[in-house]
Amino acid sequence: MIQIYTGNGKGKTTAAIGLGIRAVGHSYKVLMVQFMKGEDIYGEIKALKNIPNFEVYQFGLKTFVKKGELKEEEIKITKEGFLFAKEKIMSKNYFLVILDEINIAIDYGLIALEEVIELLKNCPKEVELVLTGRYCPKELYEYADLVSEINEIKHPFQKGFFGRKGIDY
Ligand code: ATP
Ligand code: MG
């Protein structure tokens with residue numbers, strides 16, 4: 001089935017990883033492809049290196065992507081990641097595939113919406129596919145079996161707490 005975790009509240013990437021942990025607990029293979037992220041700071045990436053059957057690949061640069069000011073390298077690496085993800089999904093080698101922050105990549109124009117719709121239409125029924133990231137285009141909802149919008153009611157960010165180690169990264 002196809003799942004989407006979107007909305008502006010906290011908990012999309014961590015929910016997808018939680019799902020992945022659940023799946024590997026049953027000895028299923030999991031793949032997470034991360035878009036927009038290229039830094040080596042994420043606690044979850046460090047932890048997942050020690051978990052067999054949970055593969056993670058990052059296709060992002062270390063620098064912050066600005067909407068409306070896309071760089072050649074950003075487009076290139078995102079396209080590479082999308083191609084990689086498509087091949088892995090079609091291989092049916094994984095029980096669960098997580099495309100982390102792909103919704104933002106679409107919203108920013110790094111991946112064409114039509115290409116993602118094509119992928120969702122052709123996703124093998126043996127594969128559970130999860131798309132995460134805020135700003136998911138509503139056009140994708142009809143191709144998904146599960147859509148969760150996480151709404152921000154409160155976030156410590158509003159009180160000046162920016163990215164906390166071990167909590168936000
Ligand atoms: P998490 O990775 O903690 O599950 P997320 O995937 O839902 O969060 P993103 O939209 O990917 O959140 O945001 C990336 C970063 O911003 C994360 O460090 C996250 O903790 C933080 N964040 C998430 N929601 C908010 C918010 N409403 N205000 C400020 N920062 C947020
Ligand atoms: Mg996230």
Side-chain angles (χ1 to χ4, degrees), residues 1-25 30-51 54-71 74-75 77-82 84-86 88-89 94 96-111 113 116 119-120 128-141 143-169:
M1 293 209 179
I2 295 171
Q3 306 192 23
I4 295 175
Y5 305 158
T6 192
N8 63 352
K10 175 175 166 68
K12 301 171 289 291
T13 297
T14 46
I17 292 168
L19 195 71
I21 294 286
R22 180 174 281 167
V24 293
V30 177
L31 170 74
M32 177 160 73
V33 177
Q34 292 194 312
F35 296 94
M36 322 285 288
K37 291 175 175 171
E39 278 183 297
D40 187 25
I41 56 164
Y42 301 100
E44 61 269 35
I45 309 293
K46 297 177 200 290
L48 291 175
K49 288 205 172 107
N50 302 315
I51 299 190
F54 203 139
E55 295 174 31
V56 184
Y57 296 89
Q58 288 186 317
F59 287 90
L61 303 176
K62 287 193 167 58
T63 46
F64 193 76
V65 183
K66 275 202 198 135
K67 195 176 178 179
E69 293 177 36
L70 302 179
K71 299 195 192 85
E74 289 162 354
I75 299 170
I77 196 165
T78 309
K79 280 203 157 73
E80 244 174 69
F82 189 62
F84 175 85
K86 266 203 296 204
K88 294 291 191 184
I89 290 164
Y94 300 89
L96 170 68
V97 177
I98 301 163
L99 304 181
D100 189 39
E101 313 303 353
I102 190 168
N103 298 335
I104 304 195
I106 304 164
D107 181 66
Y108 279 36
L110 287 162
I111 302 176
L113 176 63
V116 180
L119 174 64
L120 299 193
E128 187 88 14
L129 183 60
V130 179
L131 278 55
T132 89
R134 47 187 73 199
Y135 315 129
C136 181
K138 296 254 185 319
E139 291 92 327
L140 289 185
Y141 287 7
Y143 301 97
D145 302 284
L146 183 158
V147 179
S148 288
E149 275 187 9
I150 302 182
N151 296 318
E152 183 201 273
I153 305 296
K154 252 185 167 186
H155 192 288
F157 184 82
Q158 297 158 345
K159 289 194 278 191
F161 290 92
F162 308 115
R164 292 181 297 152
K165 186 176 178 181
I167 303 293
D168 293 308
Y169 65 90

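Source: prediction; values computed, not measured. Atoms within each ligand, like the ligands themselves, are counted from 1 in listed order.
Between the side chains of Q3 and E128, at least one donor N or O lies within less than 3.5 Å of an accepting N or O. A donor and an acceptor atom, one from each side chain of Q58 and Y42, are nowhere located under 3.5 Å apart.
Under 4.0 Å from ligand 1, the heavy atoms of N8 that appear belong solely to its backbone. The proximity of R134 to ligand 1, defined as any non-hydrogen pair under 4.0 Å, is limited to the side chain.
Nearest heavy-atom pair across A23 and V30 is CB-CG2, 3.8 Å. Nearest approach of A85 to V33, heavy atoms of both residues: CB-CG2, 4.1 Å.
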Salt bridge (Lys or Arg N to Asp or Glu O under 4.0 Å) between R134 and D107, intermediate numbers included
CA-CA 9 Å; R134 47 187 73 199; D107 181 66; over 6 Å; no

Decide side-chain hydrogen bond (donor to acceptor under 3.5 Å, both in side chains) for Y169 and E39; before the verdict, give the C-alpha distance in whole Å, the side-chain angles of both, and the deciding distance to 0.1 Å.
CA-CA 10 Å; Y169 65 90; E39 278 183 297; over 6 Å; no

Evaluate the side-chain hydrogen bond (donor to acceptor under 3.5 Å, both in side chains) criterion for residues E149 and Y141: first the C-alpha distance (whole Å), next the side-chain angles of each, then the deciding distance (0.1 Å), finally the verdict.
CA-CA 11 Å; E149 275 187 9; Y141 287 7; 2.6 Å; yes

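Atom 23 (C) of ligand 1 is flagged as protein-proximal [any protein heavy atom, distance under 4.0 Å]. Atom 14 (C) of ligand 1 is not flagged as protein-proximal [any protein heavy atom, distance under 4.0 Å].
The nearest non-hydrogen atom to atom 31 (C) of ligand 1, considering only R164, H155, K37, comes from H155. Of the listed options E101, M36, Q34, E101 places a heavy atom closest to atom 11 (O) of ligand 1.
Partner of L19 under the side chain to side chain contact (heavy atoms under 4.5 Å, CB included) criterion, out of V24, L96, I98: L96 alone.
In this structure, atom 27 (N) of ligand 1 lies nearest to the protein heavy atom E152 OE1, 2.4 Å. The nearest heavy-atom contact from the protein to atom 3 (O) of ligand 1 is K10 NZ, 2.5 Å. Among all non-hydrogen protein atoms, the one lying nearest atom 12 (O) of ligand 1 is K12 NZ, 3.5 Å. The protein heavy atom nearest to atom 2 (O) of ligand 1 is T13 CB, 3.4 Å.
Heavy-atom distances between G163 and ligand 1 stay at or above 4.0 Å for every pair.
The structure places CG of L131 at 11.0 Å from CD of E101, a figure rounded to the nearest 0.5 Å.
Residue D168 has at least one heavy-atom neighbour below 4.0 Å for each of these atoms of ligand 1: 17 (C), 18 (O), 19 (C), 20 (O). Near T14, the atoms of ligand 1 lying under 4.0 angstrom from a non-hydrogen atom of the residue are 1 (P), 3 (O), 4 (O).
Between G11 and ligand 1, at least one pair of N/O atoms sits closer than 3.5 Å.
E101 has its closest N, O or S atom to the Mg ion (ligand 2) at the position named OE2.
More than 12 heavy atoms of other residues, nucleotides or ligands lie within 6.0 Å of CZ in F84, so this atom counts as buried by the packing criterion.
Note on T13: counted as a metal contact of the Mg ion (ligand 2), an N/O/S atom lying under 2.8 Å.
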